[in-house]
Every structure is written in structure tokens, then in C-alpha cells.
Amino acid sequence: MKYIKIVLLIICVAVLGGCSMNRMQEKTVFAMDTVMTLKAYGKNAQAALDEAQQEIYRLDLLLDRYDGEFGELNFVPEVQVSDDTAELVRLALEMCEKTDGAFDITIAPIMDAWGFYQKEFTVPSEKQISSLLEFVGYENIEVNGNTLFSKNGATLDLGGIAKGYTSARIREIFEKHDIKSGLISLGGNVETVGKRPDGREWNVAIQDPENSEGYIGTVKSQNCAVITSGDYQRCFEENGQKYHHIIDPDTGYPAQSGLSSVTIISNDATEADALSTALFVMGMKKGIDYWRNNGGFEVIFIKEDGKIYITEGVDFESEREYEIIEKRPDLK
Ligand code: AMP
Ligand code: MG
């Protein structure tokens, strides 16, 4: 009898153990000023999540604007960095050029003047902004091997691209651990790995800029990054006027492009992150031109008046009305 009980116990433990290994494992991490949620399904899920967490902490330290590897640029014009940082700055500079400076990683002094770093918000004077704009210009940054060079006192802020890069790195870790189904959610940045464990595609909800609890629709996604920049993500109000964290590098003021949010859907999370920021600054007309001329990604624009526009390749479901933007309207 005792022997039978022990055998039953061993079978139970084995079955339960097997089940828990095949459950969706989840981890919440706070880094880069963001609550991050990671989900992974598969027998190596826990190991993948643990490694992903370590990688997030490592990149958070490495890419910190002040304490990270390029923080020294606040004091000296030349600094040695690791391969990771050099690679990311190179990618970021490419995006600055491609977007004709709508994305500009030297926006740091302006962000600082508005108090976004210290979270002590203030509206700077026009004079202050125009004097700080002299330090803004990605042309002042150069990468040569592992050395970053800064001219004219330019300093870096990789906040517009770092989370996309981090997401791409986590995806690599998931792939290494053979995770067939996973979700990487870093604030407004979501990346899906494979399909859901039940075999259906992931549905990524797109937040309603007017209502932090609600969403305007969902995007079907499989092995894809869905990355949103919105005027509601980091902002403050003064004298009835709202000021947000996406700065137009031409003016030094929060971009007033008529948009409330831009979502980019792409296989390349790093590029998608830079693009969500850049297209927000450009506004809809220039953003659509950029999409038509470059491609390789899809976009959801939400205007300040609540109207929704999606490019033709978005697999979108919504109860709200929306308009579809065609790639070649002339071919109709
Ligand atoms: P995101 O949430 O990806 O749109 O990134 C916004 C963050 O990127 C801000 O918090 C700043 O750190 C930085 N940023 C703001 N404006 C720009 C800009 N025009 N180009 C590049 N980075 C920016
Ligand atoms: Mg971005």
C-alpha cells in the first residue's frame, strides 16, 4: 500500500511539473522608466525570461543618458563605448539621416530644459530654447569603430530607440531558447514571437489616446513589433496647455503635428521605435510620404480629433470608423 502511494505521488509530481513547464511563464521588470512584461511559452521559458531580464538591466545601465557609456559626452568630446552602444548609435544616426532630422538623438538639452529627465516640468523661455537648439544636430555625432565623437557640445538621448533595440535583443534571446510563443511588452512597445499557445495570432491592442483604460482596436500580429509613440505617454499641463515628450528638433517644442499617436508595425523593432517618434514629429502628410517612399512597415495614425487612419497592410480590427491609406492611390 505504502509503495502504491509513493508511485502515485511520483506520477502526480511528474504530471504537475510537466504542466507548469508548459504553462505561459511571465515576468515583470521595471527598467528604462517603464513597466515591462515578458511572456514565454515552452520548456526553456523560465531560462529565456531570466536571461531577458538580465539583458534589460544591462542595456538599461549601458544606454542611460547620464550614467551610461556615452554619458561622458556631457563633459568630453570623445568616448570609447562597447560594440552594443556603437552599433545602436550607428543605427540611430542612420534613422536621423533617413528621416531628415525628424528623429534626432541630440535632442537631450531640450528634453532637459522641459524637465522631462528630472520630472520637474517647466515651460522654458523662447530665448532658452533657441540658445539650446544650437547644441541640437545629429550631424555633430560621429561613430568610428568603438569611438563616439561629439562636436559643438552635442549630447545624446537614445530614449526614442532604446526600447525597440531592447525588444529586438529579447527576441533574439527567445529564439536562442527556442521559444515558439512569446510576448515582449515594454510600455508602448509590443513585440510578438510566433503565435499564441492556442495557435491563434496575437491581438495587440492600440491604446485610445483619449482614455488610458480604453483602446481603439487591435492589430493581428505574429513575429512582429507594434510600437506606439503617443502624446499621452509622458506629458504635463501648464496654464491649460498640454506639453508632451516628443520634441520637434526644428523648434525645440513638443511636436504639434496634429497627431495624438503613431503606431508602427514592422519586423524590425529598433527601426520601428525610431520611426514611431519620427513620424509623430513629421505629421500625417509627411509620414505617409515617408511610408510610400520607404516601405517595409505599416502605420496607424490617430489624429488629435480622434480620427483613425491605417496604411493598407495593417491587419486591423476596430468598432471605430477608420480610413485606409493606399500605397499607390493613382493605380485605382
Ligand atoms: P518614443 O516614446 O519612442 O516616441 O520616444 C520619446 C523619447 O525619445 C523621449 O522621451 C526622448 O527621450 C526622445 N525624443 C524626444 N523627441 C525626439 C526626437 N525628435 N528624436 C529622437 N528622440 C526624441
Ligand atoms: Mg520611438
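Just so it is clear, the values below take in all heavy atoms, side chains as well, and ignore hydrogens, waters and symmetry mates. Just so you know, ligand 1 is whichever comes first in the structure, and atom 1 is the first atom listed for that ligand.
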State, with a plain yes or no, whether a side-chain heavy atom of [X] is found less than 4.5 Å away from one of [Y].
| X | Y | result |
| --- | --- | --- |
| D157 | Y117 | yes |
| V219 | N203 | no |
| I310 | V299 | no |
| L88 | T270 | yes |
| P77 | F149 | no |

Got an N/O contact under 3.5 Å between [X] and ligand 1?
| X | result |
| --- | --- |
| I246 | no |
| D248 | no |
| T277 | yes |
| Y117 | no |

Relative to the heavy atoms of [X], which atoms of ligand 1 are at a distance of less than 4.0 Å?
| X | answer |
| --- | --- |
| D104 | 18 (C), 20 (N), 21 (C), 22 (N) |
| D273 | 3 (O) |
| P249 | 19 (N) |
| D157 | 11 (C), 12 (O), 13 (C) |

**Fill in**
Among I105, I107, T34, I247, closest by heavy atom to atom 16 (N) of ligand 1 is I247
**Asked** Which angle, to the nearest 10 degrees, do you find at the Mg ion (ligand 2) between OG1 in T277 and OD1 in D273?
**Response**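 About 170°, to the nearest ten degrees.
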**Asked** Counting backbone and side chain alike, does N189 bring an N/O/S atom below 2.8 Å of the Mg ion (ligand 2)?
**Response**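 Short answer: no, not a single N, O or S atom is under the cut-off.
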**Prompt:** Can you tell me if an N/O/S atom from L275 lies under 2.8 Å from the Mg ion (ligand 2)?
**Reply:** no
**Prompt:** Taking the inter-plane angle between the rings of F236 and F121 on a 0 to 90° scale, is it parallel (under 30°), tilted (30 to 60°) or perpendicular (over 60°)?
**Reply:** parallel
For [atom], the protein heavy atom that lies nearest, with its residue and separation:
| atom | result |
| --- | --- |
| atom 2 (O) of ligand 1 | H245 NE2, 3.3 Å |
| atom 4 (O) of ligand 1 | S229 OG, 2.6 Å |
| atom 5 (O) of ligand 1 | G160 CA, 3.4 Å |

**Prompt:** Have D84 and S82 got a donor and an acceptor in their side chains that come within less than 3.5 Å?
**Reply:**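 S82 and D84 do not have a side-chain donor-acceptor pair below 3.5 Å.
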**Request:** Give a yes/no verdict on whether any heavy atom in R234 is under 4.0 Å from an atom of ligand 1.
**Result:** no
**Message:** Any heavy atom of A102 closer to ligand 1 than 4.0 angstrom?
**Reply:** yes
**Message:** Check for me, please, whether Y322 and L259 land in the same ILVMFWY cluster - side-chain distances under 4.5 Å, paths through other members count.
**Reply:**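 No, Y322 does not connect to L259 through the hydrophobic network.
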**Request:** Please state which part of M111 comes within less than 4.0 Å of ligand 1, counting heavy atoms only: side chain, backbone, both or neither.
**Result:**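 For M111, the contact with ligand 1 is made by the side chain alone.
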**Asked** Between E55 and R169, is there a side-chain N and carboxylate O pair less than 4.0 Å apart?
**Response** yes
**E175 and R171 ion-paired at < 4.0 Å** =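 A salt bridge is present here (some side-chain N lies under 4.0 Å from a carboxylate O).
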**Item:** With K39, the side chain to side chain contact (heavy atoms under 4.5 Å, CB included) member among L183, I179, L49
**Value:**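 Output: one option passes, namely L183.
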